[in-house]
Structures are given as structure tokens and as C-alpha cells.
**Student:** 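I'd like to ask you about the structure that follows.
Letters go in sequence order (proteins before strands), and every chain restarts at 1.
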Amino acid sequence: MVFSTTKQLYKIIIMEFEQLYKSYWQKVFRLCMGYVNDYDIAQDMAQETFIIVWQKLHTFRNEASIGTWIFRIASNNCLRQIDKEKRFPKSELPMHITEEKHYSLEPQILFLYKCVAELPEIDRIIISLELEDVKQAEIANIVGLSEANTRVKIHRIKEKLTQKFKENGQ
Amino acid sequence: MDNNIDFKDLWKQQAVRPPNIKELLSKLKYFKRVSLRKLVITNVLLIATSAFIIFIWYFYQPEFISTKIGIILTISAMLMYLFVYNKLVGFYKTVDRTQSNSEYLQKLISIKTKQHFLQSTMLSLYFILLGSGLCLYMYEYTSRMTIFWGIFTYVVMLGWIGFTWFYLRPKEIKKEQARVNGLIAKFEAVNKQLSVNE
């Protein structure tokens with residue numbers, strides 16, 4: 001009896017997780033991609049994020065929206081990357097050059113991700129979330145800034161990006 | 001808006017198919033295994049060594065008090081090392097990854113600072129305990145040797161302890177500190193991005 005309920009519960013959690021995975025995979029991947037601008041590393045980071053989501057799902061208490069909760073985990077995982085980069089230096093192969101060819105995206109898209117990845121760490125997270133249509137109040141909540149500060153930052157980052165695009169003739 | 005560049009549209013064109021969920025769950029198991037393995041190996045190794053030393057005590061029944069004190073010091077050195085090692089692993093486990101970025105960074109900085117302290121202080125303490133424990137322990141057995149071999153044994157042992165103390169220990173501390181300091185500096189720089197309103 002107890003066994004079957006536990007099994008059922010597990011099934012429900014799996015289903016819930018699958019749902020989250022489907023709706024948030026792309027968004028989390030893009031956040032990671034904006035952070036590192038490296039296809040393979042971004043994919044690994046997105047996977048790590050979902051591993052944490054899976055492990056922590058039972059602690060989610062509806063205090064924030066599930067989106068905010070997942071983005072917090074994802075962005076913290078990005079920040080943790082600093083630690084890992086030092087431990088495992090990236091291979092010397094110019095990986096993203098081959099990736100760019102491989103995935104043949106429009107140059108404008110590639111340029112946008114390149115520009116985002118060149119911003120300071122926190123700015124990368126802020127602008128990625130903004131481009132993902134996350135509400136500014138939520139971005140403030142994820143990053144830990146005031147709403148006013150977040151708004152100002154978003155404005156400035158967009159200006160910077162526009163400038164870079166113009167300079168590059170995109 | 002945005003001088004006619006629709007960043008949001010560009011951004012969302014970067015699409016990637018999510019990998020199979022089964023692959024993700026199998027990766028999860030692998031992750032758990034790897035992190036557990038290191039923890040288990042260190043613990044088992046040091047506990048086994050301690051158990052072996054206790055076995056010697058029980059089996060050979062040393063007569064001198066110095067031998068017993070030596071054994072206790074050696075074991076406490078290893079237990080202390082284990083305690084600190086497990087505590088450090090625990091630090092990372094307690095970090096709440098669902099906090100906001102700024103809280104998370106603060107937490108990482110505080111962990112790294114603690115790690116910095118523990119590693120340098122504890123490593124020195126570990127060597128002191130282990131070295132003095134060994135010297136005391138060996139006394140009973142060398143006292144049964146001829147003077148020449150007794151002195152010879154101590155010279156070799158002290159030579160080894162000196163080598164670890166003056167060469168290995170500072171090298172290890174320096175290496176670890178450079179790494180941890182670099183990380184703290186980097187985390188603080190990122191944290192500053194949150195406070196500086198420029």
C-alpha cells in the first residue's frame with residue numbers, strides 16, 4: 001500500500017519535472033549560452049541546472065513563481081562557473097568557431113550572443129532574462145537588485161548592445 | 001525601439017532541442033557517484049589507517065606511555081583532517097542554490113574565506129600532530145635498538161618530517177591559497193557589479 005503510493009508520488013514528480021523540462025529547457029539554455037557563448041558548455045550548464053531542479057523540486061514552496069525559482073538556480077549555476085573554469089581550463093581548441101559553422105545561425109544572432117557574453121557577469125544574466133521576457137520585478141528578485149536599479153541596468157545594457165551592433169554594421 | 005534592432009527576436013532564434021530526459025537522469029546518477037566516491041575514499045583510507053594503528057596497539061601491547069600518547073596524537077591528526085575535510089564538503093552542500101544571485105555570491109565568498117583559513121591552519125596542525133605522534137611512538141622501539149640504529153632511525157624520520165614541514169607544507173598551502181584567493185577576488189568583483197550603480 002505504502003509502496004504503491006510512493007510509486008505514484010514518484011510518477012507525479014517525474015511528470016511535473018518533465019513538464020518543467022519541456023517549458024524551460026530552451027530558456028535556460030539561452031541564458032547559459034549568453035553567459036559563456038559556447039554551445040557545448042552551455043548545454044552542460046543547462047543540464048546541470050535541471051539536475052539541481054530535479055534534486056530540489058521537493059523544496060519548492062510556491063513563494064516565488066516556478067520560473068523565478070528555476071532562473072535563480074540557472075543563474076547561480078552560471079556564477080559558479082567561475083570556480084569551475086579555474087579548475088578545468090577550457091581546451092585550447094577554438095571550439096565556438098567550429099560551432100558557429102556547425103549550427104549555421106544568422107550572423108546577427110551569433111553576434112548578439114557574442115556581445116552578451118562579453119558583458120560583466122551580472123549584466124549577462126540581467127539582459128538574458130530581459131530578452132527572455134522575464135518581468136523586470138522578477139529579474140530584480142532573481143539577481144537581488146532593486147527594481148529601479150534593474151531598470152537602469154537593462155536600459156544601459158541595451159544601449160551598449162545597440163552601439164556594438166552599429167559599430168559592427170549589423 | 002532599440003533603434004530598430006529587435007534583440008528579443010534575435011535572442012529567441014537560438015534554439016536547441018532538449019536532450020532526452022532519460023539521458024539527463026542517467027547523468028544525475030553519474031554526478032552523485034563521482035562526488036560520493038572521493039568522499040568515501042578519503043574517509044575509508046584514513047579510518048582504515050586509524051583502525052590499523054589501534055589494532056597494533058591492541059596486538060602488541062606497547063609498554064611505554066610515550067607510545068600510547070604517540071598513537072593518540074597520530075589518530076587525532078587523522079580524525080581532525082577528516083573532520084575538516086567533511087566539513088568543507090558540507091559547506092557546499094548547505095549552499096541554497098535557489099537564493100538570489102547576490103545572496104548566493106555572498107555565501108560563496110564566505111565559504112571560500114572559511115576554506116582559506118581551514119586549509120592553512122589545519123594543514124599545519126595536522127603536520128605537527130602527526131610528526132610529534134610519530135616521534136613519541138617510535139621511542140619505545142628505537143630504545144630497544146643499538147644507539148647507532150636508534151639515532152639513524154630518528155635522523156631519517158626527522159629528515160622526512162622536516163622535508164614535509166619545510167618543503168611540502170608551504171608549497172601545498174601556497175598553491176591552495178593562490179587558487180582560493182583568486183576565486184575570492186573574482187567572486188568579489190562580480191559581487192561589486194551588484195553594488196556599484198554605474
**Student:** Do we see a donor-acceptor contact under 3.5 Å between the side chains of A:Gln136 and A:Thr150?
**Tutor:**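 Distance-only check fails for A:Gln136 and A:Thr150.
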**Student:** Under 4.5 Å from any heavy atom of chain B, what part of A:Leu31 do you find: side chain, backbone, both or neither?
**Tutor:**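 For A:Leu31, the contact with chain B is made by the backbone alone.
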**Student:** Please say yes or no: joined through hydrophobic side-chain contacts below 4.5 Å, possibly via intermediate residues, are B:Trp165 and B:Leu136 part of one cluster?
**Tutor:**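 No, separate clusters.
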**Student:** For A:Ile122, is it the side chain, the backbone, both or neither that has a heavy atom under 4.5 Å from a heavy atom of chain B?
**Tutor:**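 When you check distances to chain B, atoms from both the backbone and side chain of A:Ile122 fall under 4.5 Å.
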**Student:** Side chain from CB out, backbone as N, CA, C, O: work out which of these in A:Leu145 comes under 4.5 Å of a heavy atom of chain B, or both, or neither.
**Tutor:**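 Only the side chain of A:Leu145 comes within 4.5 Å of chain B.
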**Student:** State yes or no: are the ring centers of A:Tyr24 and A:Phe50 separated by less than 6.0 Å?
**Tutor:**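 Between A:Tyr24 and A:Phe50, the centre distance exceeds or equals 6.0 Å.
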**Student:** Please classify the contact between A:Glu121 and chain B as side chain, backbone, both or neither, with a heavy-atom cut-off of under 4.5 Å.
**Tutor:**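 Both backbone and side chain.
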**Student:** Please classify the contact of A:Ile125 with chain B as side chain, backbone, both or neither, using a heavy-atom distance under 4.5 Å.
**Tutor:**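 The answer is the side chain of A:Ile125.
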**Student:** Go through the atoms of A:Glu159 and report whether side chain, backbone, both or neither lie under 4.5 Å from a heavy atom of chain B.
**Tutor:**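 Neither part, no heavy atoms under 4.5 Å.
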**Student:** Answer with side chain, backbone, both or neither: which region of A:Thr59 has an atom nearer than 4.5 Å to a non-hydrogen atom of chain B?
**Tutor:**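 It is neither, since no heavy atom gets under 4.5 Å.
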**Student:** Give the member of B:Asp96, B:Val190, B:Val95 that has the highest number of heavy-atom pairs under 4.5 Å with chain A.
**Tutor:**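 Result: the option with the highest number of such pairs is B:Val190.
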**Student:** According to salt bridge (charged side-chain N to carboxylate O under 4.0 Å, His left out), who are the partners of B:Lys12, at least two apart in sequence or on a separate chain?
**Tutor:**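 B:Lys12 satisfies salt bridge (charged side-chain N to carboxylate O under 4.0 Å, His left out) with A:Asp133 only.
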**Student:** Please flag which part of A:Val116 lies under 4.5 Å from any non-hydrogen atom of chain B: side chain, backbone, both or neither.
**Tutor:**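 A:Val116 touches chain B through side-chain heavy atoms alone.
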**Student:** Given heavy-atom pairs under 4.5 angstrom as the criterion, report whether the side chain, backbone, both or neither of A:Ile14 touches chain B.
**Tutor:**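 Just the side chain, heavy atoms under 4.5 Å.
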**Student:** Out of A:Ser75, A:Ala42, A:Ala46, which one racks up the most heavy-atom pairs below 4.5 Å with chain B?
**Tutor:**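 So the answer, after comparing A:Ser75, A:Ala42, A:Ala46, is A:Ser75.
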**Student:** Between the main-chain N or O of A:Arg80 and the side-chain N or O of B:Tyr104, is there a donor-acceptor pair closer than 3.5 Å?
**Tutor:**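 Not at all, since once roles are kept as given, no pair shorter than 3.5 Å links the two residues.
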**Student:** Of the non-hydrogen atoms in A:Val28 and A:Ala74, which two are nearest, and what is the gap between them?
**Tutor:**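 What the structure gives for the nearest pair is CG1-CB, 4.1 Å.
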**Student:** Name the region of A:Leu79, side chain, backbone, both or neither, that has any atom closer than 4.5 Å to a heavy atom of chain B.
**Tutor:**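 Answer is both: backbone and side chain atoms of A:Leu79 are under 4.5 Å from chain B.
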**Student:** Should we count CD of A:Gln163 as having more than 12 external heavy atoms under 6.0 Å?
**Tutor:**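 Not buried by this count: 12 neighbours or fewer within 6.0 Å.
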**Student:** Sequence neighbours left out, what passes salt bridge (charged side-chain N to carboxylate O under 4.0 Å, His left out) with B:Asp9? Give chain and number order.
**Tutor:**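 Applying salt bridge (charged side-chain N to carboxylate O under 4.0 Å, His left out) to B:Asp9 gives none.
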**Student:** If you compare all heavy atoms of B:Ser102 against all heavy atoms of A:Gly144, which two are closest, and at what distance to 0.1 Å?
**Tutor:**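 Of all heavy-atom pairs spanning B:Ser102 and A:Gly144, the closest is OG-O, 3.8 Å.
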**Student:** Under 4.5 Å, counting heavy-atom pairs only, tell me which of A:Phe17, A:Trp25, A:Phe60 racks up the most with chain B.
**Tutor:**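 Winner by heavy-atom pair count: A:Trp25.
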